[in-house]
Amino acid sequence: MLAKVAKSREMRTLILVILVFAIAAFKEPRLLSASSISSILLWIPLLTVMAVGQMLVIVTRGIDVSVGSMLGLSGMLTGMLFRAHPDLNLALGAGASLGIGAVLGLINGGLIAWAKIPPIITTLGTLSVYRGLTFIVSGGHQIDSNNIPSALTEWSLRGPVTIGGVTLPWLLVFALLAVGLGYFLTNKTVLGRNLYAIGSRPEAAHLRGVPVGKSVFACYVICGALAGFAGLLYASRYGFVNPATAGSGMELTVIAATVIGGCDVKGGSGSVGGVLLGCILLGVVNVALAVLGVAADWQVLVYGSVILIALGLDAFASRRQAKEVAA
Amino acid sequence: MRKILTRPEFVPAVLLILAFIAGTIQSPYFLDVRYLLDSTGPYAETGLLVIGLTFVIISGNIDLSVASNLAFVACATAKLAQIGLPMPAAATIGVLIGGLLGAFNGALVAYAKLPSFLVTLGTLALFRGMAQALMGSASVQVPSSFVGADRLDLPLLGVPLPFGIMIVFVVVLGLTLHRTIFGRWTFAVGTNEEAAFFASVPTPAVKFRIFVLAGLLAGLAGVLIDSRLGVARFDHARGLELEAITAVVLGGVSITGGRGSMIGSLLALLLIAVLKTQMILANITSEVQLTVTGTLLIVAVAITGVATRLSAPRKA
């Protein structure tokens, strides 16, 4: 029993989180300060919301590298909406960001599920197209902090619970809601089970009567909607939306969090719990690097290594599993 | 007739002719051969990436890391020259580093059997991150004797040196792809890897070598960019993989592997060069150009998908 728990991917990630945190905190006790903990808690939500969507996609053997650009375009359009209607209800704004993201995801999903263009190519294309569109709709101008409603900024500053000077921000609550949604989808719905069936073996899923096209399409729409919502969270977190930088390169962080969280890149397995842990791990690493004084120049290197290490571990694990089955 | 229509070169050739006609209508300076040749500098670098990617994609894989590889080599070469290595030695080591990075991709894809799009997505970040960790946000000057290869013309032919280098590689590697056993193996792996393996094609070795080749070519492109720009920065050629992959699939290479040609890739590279020149002449911003390239990629894959289905033998 214990051996089984230790072998599970979630356990592996959890141990890694604790190890990294302990080592970093030992080297630099400032990591334990309220401000460091708060910045970890603020850094995780955006990533988590996007990673839940990415997980659904990776489970089907797909990938979505356009999430950063979807965040940018949705954040920009929602920001422009707030600029034009400063008194707009926040719930409407949230709905708009979700809707915009869903439309962008719908384009990805349509090209992948029905035009049969491989996911990496489709989303590599839309990564550029959506980023370009962000510039075109904004005319290259950024949304400034005075155009973002203060009620939205409050989401990052205040929260329902405060423990010892550390506030759990509303952003985190939304991230946990996204995790809840992911859990419900993957464990309690037919669509969720179908996604795993497709990822395990697409041909077999088709023969069993799984609507492969529709399910794949749906997971890209959900991924897009969540990335769109992350655009709103971005506006709340940073207080501005710049057409060039909003979400730029974030796809790498999201994919790193997803694979380190135990999603098998060859499809068919992965859990939201693992993904949440992956996001927490990257949040800890990110803030720890800053506190330890490692230059920001090393960040991209770290994300790249994380993806490759996760891939290597997967290859190693699946080879051993194959051996065990054979024995 | 059907045979011509379904050749991989057909679509890019027609589009290239159309783009030329449109260009001539748009601006009288467009057909100025000197102007066209002088603007080939950046495309020679893209071209080297395109040649490598033609092999990679025909074999049914993808390499997203080529532009990051290029950037790291550009930075490493400039650093080596800065610490006093003679430039020819630095450049040679630079190209070899490119090959080494390619070998890293190749080992993970061919021997660890990991999907190439994920491996190279990881190394896209890793190589770029290595360049950034090496340089920070500073830029390093390249020795002035090495600067300006793109302004040197080859004797007799009168074409700029980088363009000449690219053409030599197109010819040599085009012949390799279409006239040697290795080329046949590349197509075989891309058509049906399992079948190729049982037909005694050394599939892992073929894939490994293809990634090394793509890495070497990216390394050479990194050395050329040093010479053209005179400085090395970690953010050189950011996003260039998009343009290179777009050229390859626009050139009729099937994204699922097994189909394509070197001539097609070259024609598509020229097409993209002509389109970009037109967009620059028309004062279209680089962000809009990005949108156009992205759209082109998706449309090209969709078109080749249809062409592949047409050229495939009919199912009984």
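All values reported here derive from a predicted model rather than from experimental measurement. First the proteins, then the strands, lettered A, B, ... as listed; each starts at 1.
Among all heavy-atom pairs drawn from Pro118(A) and Val301(B), the shortest one is CD-CG1, 4.2 Å. What you find for Ala302(B) and Ile117(A) is that their closest heavy atoms are CB-CD1, 4.0 Å. The nearest pair of heavy atoms linking Phe117(B) to Arg61(A) is CZ-O, 4.5 Å. Here the closest non-hydrogen pair linking Thr291(B) and Gly132(A) is OG1-CA, 3.1 Å. Listed here is the closest heavy atom pair of Ala125(B) and Gly304(A): CB-CA, 3.6 Å. Taking every heavy atom of both residues into account, Thr122(A) and Ile298(B) meet most closely at O-CD1, 3.7 Å.
In this structure, chain B has no heavy atom under 4.5 Å from any part of Val259(A). Heavy-atom distances place the side chain of Ile255(B), and not its backbone, under 4.5 Å from chain A. Contact of Leu108(B) with chain A is made through the side chain alone, with heavy-atom distances under 4.5 Å. Proximity to chain B (any heavy atom under 4.5 Å) is shown, for Ile121(A), by both the backbone and the side chain. Proximity to chain B involves both the backbone and the side chain of Leu311(A), based on heavy atoms less than 4.5 angstrom apart. In this structure, no portion of Leu134(B) lies under 4.5 Å from any heavy atom of chain A. If you measure heavy-atom distances from Leu301(A) to chain B, the contacts under 4.5 Å come from both the backbone and the side chain. Residue Thr134(A): no heavy atom, backbone or side chain, is found under 4.5 Å from chain B. Only the side chain of Ile255(A) comes within less than 4.5 Å of a heavy atom in chain B; its backbone stays farther off. Only the backbone of Tyr111(B) has a heavy atom closer than 4.5 Å to any heavy atom of chain A.
The local environment of CD in Glu194(B) is sparse, with at most 12 non-hydrogen atoms from other residues, nucleotides or ligands closer than 6.0 Å.
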Test Leu308(A) against Phe104(B) for side-chain contact (heavy atoms from CB on, under 4.5 Å), laying out the working first. CA-CA 11 Å; Leu308(A) 288 167; Phe104(B) 182 68; 3.9 Å; yes
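To the nearest 0.5 angstrom, Arg238(B) atom CZ is 7.0 Å from Ser248(A) atom OG. Atom CD1 of Ile120(A) and atom CG of Leu121(B) lie 5.5 Å apart (nearest 0.5 Å). Distance CG/Leu133(A) to OG1/Thr295(B): 7.5 Å, rounded to 0.5 Å. How far CG of Leu126(B) is from CD1 of Ile309(A): 9.5 Å, rounded to the nearest 0.5 Å. With rounding to the nearest 0.5 Å, the separation of OG1 in Thr246(B) from CG in Leu124(A) is 7.5 Å. Ser128(A) OG to Gln289(B) CD: the interatomic distance, rounded to the nearest 0.5 Å, is 12.0 Å.
Contact check for Leu124(B) versus Leu252(A): side-chain heavy atoms found under the 4.5 Å cut-off.
Ranked by non-hydrogen atom pairs under 4.5 Å with chain A, the options Ala131(B), Gly129(B), Ala112(B), Gly136(B) are led by Gly129(B). When each of Val119(B), Val292(B), Leu118(B), Leu296(B) is scored by its heavy-atom pairs under 4.5 Å with chain A, the top score falls to Leu118(B).
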